[in-house]
Participant: 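The structure that follows is given in the form of structure tokens.
Just so we're on the same page: letters track the sequence lines, and every chain starts at 1. Below, each value reflects all heavy atoms present in this structure, side chains not excepted, and no hydrogens, waters or symmetry copies.
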Amino acid sequence: MIAKTLRDRGSYLLFLIPGALLLVAVILVPFAMNIGISFTRWQGVGDPKWTGLDNYTRLLGDGTFWSSFQHNLALVVAMAILPTAIGLVIAAALFDVIGKRFGQRAASVLRACVYLPQVLPIAVAGIVWSWILAPQGALNEFLGVVGLGSLGQNWLGDPEVALWSVMGVLLWIQIGYPVVIFMAGLQRADPSLYEAAELDGASWWGRFWHVTVPQIRPEVFVVLLTCTIAALKVFGPIYVLTRGGPGGATNVPSYFSFQNFFEKTQVGYGAAIATVLTVLILILTTVFLKVQNRGERA
Amino acid sequence: MKRHAVLWSLIVLAVVMLAPFVIVALNALKTPAQYASDGPLALPSDITFQGVIDFWDRVGFGQKLLNSFIISGSVAVLAVVVSVLNAYALGIGRIRGRSWILIAFLVANTLPQEAMVYPLYFLAKETGLYDTQLSVIIIFTIIQAAFGTYLLSSTYAGFPHELLEAARIDGANKWQTLVRIVVPISRPTLGVLFVFSFIWTWNEFFLPLVLLISNDTQTVPVALGVLQGQRLMDATMTSASALLGVIPAIAFFLIFQRTLTRGITAGAVK
């Protein structure tokens with residue numbers, strides 16, 4: 001009997017072979033190589049020279065590295081925190097007010113409008129916006145037409161403004177994702193809780209905060225986690241919108257490592273940046289999953 | 001009264017979300033001369049597809065579309081196959097150490113591509129796969145399959161046991177059970193997975209940017225992104241390029257909308 005179970009398991013193992021081989025060859029080995037490279041000085045050709053922790057100590061003293069992480073925090077706000085908060089309100093309004101009083105059709109049309117930017121290739125979204133935000137672009141033109149011309153800016157070219165502009169673009173891209181997920185979550189919310197809250201005379205805001213949000217807590221966690229990770233990895237919009245500029249004002253770790261890999265050919269240093277970013281993402285994922293598990297058990 | 005305030009504010013929001021698409025379309029259909037005289041907000045006085053056609057010819061857009069279809073289509077098919085095989089072993093076979101294997105796939109899905117890009121670039125050059133579509137297909141097959149394995153394993157863990165047992169009694173081996181029972185029954189989920197893998201691969205930018213450098217291999221987003229970076233295009237051509245990038249995305253969105261919303265929900269709650 002035991003022998004048979006073992007044989008059974010053995011033959012299922014065969015099905016895992018293609019996936020496991022790919023996983024090792026394409027993900028795990030390159031990842032391990034990257035960590036190895038981060039302990040060396042290497043131009044990409046010739047032999048890497050072992051330098052121990054040099055790249056990492058250099059990172060600690062590198063202002064560009066620290067500011068790139070600060071910009072990353074701003075992007076977490078724009079891509080995770082704001083979309084989650086605004087997405088909750090939009091989803092609740094669509095589900096609660098529009099869906100119930102104006103019909104499901106109206107709700108799904110509005111939802112589709114909000115979701116549309118999500119399906120764009122991020123590079124294409126970047127092209128659309130870099131053109132709208134150009135000094136002679138549509139936004140400044142629009143401000144002039146409505147008499148607010150004095151608010152016009154060099155949106156992507158001014159170091160004071162560029163990061164805010166990038167944040168705005170990312171918010172536009174990101175907002176549809178939480179809305180769709182939260183609306184789906186609300187479908188399984190218990191209607192009797194709403195009725196009870198209504199009988200108790202709870203305001204819309206009170207119901208939102210005490211009934212709606214707690215019911216879709218799992219979705220909120222998933223959205224916060226996936227959006228935060230996405231924010232830490234942002235590359236495409238920076239590449240297309242600003243190339244990290246002006247003067248490094250919108251540089252992020254991902255783009256910073258890319259520059260070191262392929263523009264400055266400081267491969268070891270780039271690998272160290274990428275490794276730090278990875279560690280950060282893995283820690284964050286673990287913490288989120290732990291908190292989520294605890295929340296579910298409670 | 002208050003209800004209408006909510007409705008109107010959401011309509012305003014929808015307009016703001018759509019405005020960039022409208023502006024791009026407006027200017028892609030203008031002549032450069034009209035753009036110069038009337039600016040970006042004016043309606044096109046006479047609609048011309050010249051800007052779109054010029055851009056199409058200049059970058060060989062047909063080739064880029066074909067490249068994107070070949071890469072995304074191959075990845076979607078292969079990623080579904082690999083995910084099914086993995087999930088069959090993990091979810092139904094319940095092989096030993098499955099939770100660790102599942103975590104490995106989950107981590108693979110979470111790792112930033114920056115932490116693999118240089119070794120992949122180096123290995124691709126060593127193996128002669130650099131600047132070939134095959135390299136990108138192989139890499140994204142496993143990246144998308146990592147997500148698929150995670151999604152499908154939990155679906156397969158709840159697969160009705162009686163069906164598997166019945167197939168076994170009928171003398172089907174594991175391979176036949178997979179092909180004749182498990183795959184047909186899970187077809188809706190596989191459809192979702194196919195659509196996701198296709199669109200995600202279509203939209204990928206970072207690794208294709210590094211690995212595909214020649215005109216014959218580049219995908220649509222990479223070609224557009226690189227051109228944009230060179231800042232050689234005038235305003236109407238830029239919006240023509242953006243329009244050409246937007247159209248396939250909207251087409252997929254309309255075609256796949258139902259599957260997509262269903263799929264997002266499937267992925268969200270484990």
Participant: side-chain contact (heavy atoms from CB on, under 4.5 Å) for A:Leu16 and B:Leu85? Distances and angles first, verdict last.
Facilitator: CA-CA 6 Å; A:Leu16 201 63; B:Leu85 294 175; over 6 Å; no
Participant: Considering only heavy atoms from C-beta outward, does the side chain of A:Phe258 approach that of B:Val210 to under 4.5 Å?
Facilitator: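 A side-chain contact exists here, since the closest heavy-atom pair is under 4.5 Å.
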Participant: Considering all heavy atoms of both residues, which atom of A:Ile27 and which atom of B:Ala108 are nearest to each other, and what is their separation?
Facilitator: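 Minimum heavy-atom contact is CG2-CB, 3.9 Å.
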Participant: Side chain, backbone, both or neither: which part of B:Phe122 has a heavy atom under 4.5 Å from chain A?
Facilitator: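 Side chain only.
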Participant: Run the ring-ring contact (aromatic ring centres under 6.0 Å, His included) test on B:Phe206 and A:Tyr239 for me, step by step, so that the C-alpha distance in whole Å, both residues' side-chain angles and the decisive distance to 0.1 Å come before the verdict.
Facilitator: CA-CA 9 Å; B:Phe206 183 61; A:Tyr239 179 89; 9.1 Å; no
Participant: Measure across B:Ile95 and A:Leu13 and return the closest heavy-atom pair with its distance rounded to 0.1 Å.
Facilitator: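 For B:Ile95 versus A:Leu13, the nearest heavy atoms are CD1-CD1, 3.5 Å.
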Participant: At a heavy-atom distance under 4.5 Å, which candidate from B:Leu18, B:Val220, B:Leu178 has the highest pair count against chain A?
Facilitator: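 Winner by heavy-atom pair count: B:Leu18.
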Participant: Can you tell me which portion of B:Val16 sits under 4.5 Å from chain A's heavy atoms? Options are side chain, backbone, both or neither.
Facilitator: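 Backbone only.
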Participant: Suppose the criterion is side-chain hydrogen bond (donor to acceptor under 3.5 Å, both in side chains): which pairs have a residue in residues 237-250 of chain B, not counting sequence neighbours?
Facilitator: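 The answer is none; no pair qualifies.
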Participant: Please work out whether the ring planes of A:Trp172 and B:Phe21 are parallel, tilted or perpendicular, with thresholds of 30° and 60°.
Facilitator: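 Because their plane-to-plane angle lies in the 30° to 60° range, the rings of A:Trp172 and B:Phe21 count as tilted.
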Participant: Is A:Val145 close to chain B through its backbone or its side chain, or both, or neither, when contacts mean heavy atoms under 4.5 Å?
Facilitator: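 Just its side chain gets close to chain B.
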Participant: Has B:Lys174 got its NZ or CZ under 6.0 Å from the middle of the six-membered ring of A:Phe15, at an angle within 45 degrees of the ring axis?
Facilitator: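 Negative - B:Lys174 is either too far from the ring of A:Phe15 or too far off its axis.
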Participant: Give the intermediate values and the outcome of side-chain contact (heavy atoms from CB on, under 4.5 Å) for residues A:Phe261 and B:Tyr121.
Facilitator: CA-CA 10 Å; A:Phe261 282 138; B:Tyr121 167 81; over 6 Å; no
Participant: Tell me, for A:Ile37 versus chain B, whether the close heavy atoms (under 4.5 Å) come from the side chain, the backbone, both or neither.
Facilitator: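 Side chain of A:Ile37 only, per the 4.5 Å heavy-atom cut-off to chain B.
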Participant: For B:Asn27, which atoms come within 4.5 Å of any heavy atom of chain A: side chain, backbone, both, or neither?
Facilitator: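 The side chain, not the backbone.
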Participant: Using every non-hydrogen atom in the two residues, find where B:Ala249 and A:Val119 come nearest and quote the distance to one decimal.
Facilitator: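 That would be CB-O, 3.6 Å.
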Participant: Please state whether the side chain, the backbone, both or neither of B:Trp200 comes within less than 4.5 Å of a heavy atom of chain A.
Facilitator: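 Neither part.
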Participant: Grab the two heavy atoms, one from B:Tyr118 and one from A:Gly44, that are nearest each other, plus how far apart they are.
Facilitator: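 Between these two residues, the closest heavy atoms are OH-CA, 3.3 Å.
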Participant: May I ask you to check whether over 12 heavy atoms, not counting those of A:Phe102, lie within 6.0 Å of atom CZ?
Facilitator: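 Yes.
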Participant: Once you round to the nearest 0.5 Å, how far does OG1 of A:Thr285 lie from CG of B:Leu106?
Facilitator: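 Spacing of OG1 (A:Thr285) from CG (B:Leu106) equals 8.0 Å.
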Participant: With a 4.5 angstrom heavy-atom cut-off, could you sort out which part of B:Leu209 is near chain A: side chain, backbone, both or neither?
Facilitator: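 Just its side chain gets close to chain A.
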Participant: Using non-hydrogen atoms only, which part of B:Ser9 is less than 4.5 Å away from chain A: side chain, backbone, both, or neither?
Facilitator: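 Neither; nothing under 4.5 Å.
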Participant: Which heavy atom of B:Gly225 sits nearest to which heavy atom of A:Ile127, and what is that distance?
Facilitator: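 Scanning both residues, the minimum pair turns out to be N-CD1, 4.2 Å.
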Participant: Heavy-atom cut-off 4.5 Å, strictly under: side chain, backbone, both or neither for B:Ile101 against chain A?
Facilitator: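 B:Ile101 touches chain A through side-chain heavy atoms alone.
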Participant: Please classify the contact between B:Leu13 and chain A as side chain, backbone, both or neither, with a heavy-atom cut-off of under 4.5 Å.
Facilitator: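 It is the side chain, since no backbone atom gets that close.
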Participant: For residues 267-276 of chain A, which side-chain N or O atoms pair as donor and acceptor with protein atoms under 3.5 Å away, sequence neighbours left out?
Facilitator:
from	atom 1	to	atom 2	distance (Å)
A:Tyr269	OH	A:Asp62	OD2	2.6
A:Thr275	OG1	A:Asn34	ND2	3.2
A:Thr275	OG1	A:Ala271	O	2.7

Participant: Which pair of non-hydrogen atoms, one from B:Leu123 and one from A:Met33, has the smallest distance, and what is that distance?
Facilitator: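 It is CD1-SD, 4.1 Å.
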Participant: With only heavy atoms counted, which part of B:Val246 is less than 4.5 Å from chain A, the side chain, the backbone, both or neither?
Facilitator: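 It is both, since atoms from each part get that close.
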Participant: Just by distance, do the side chain of A:Lys233 and the backbone of B:Glu114 share a donor-acceptor pair under 3.5 Å?
Facilitator: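 Checking the backbone N and O of B:Glu114 against the side chain of A:Lys233, no donor-acceptor pair under 3.5 Å is found.
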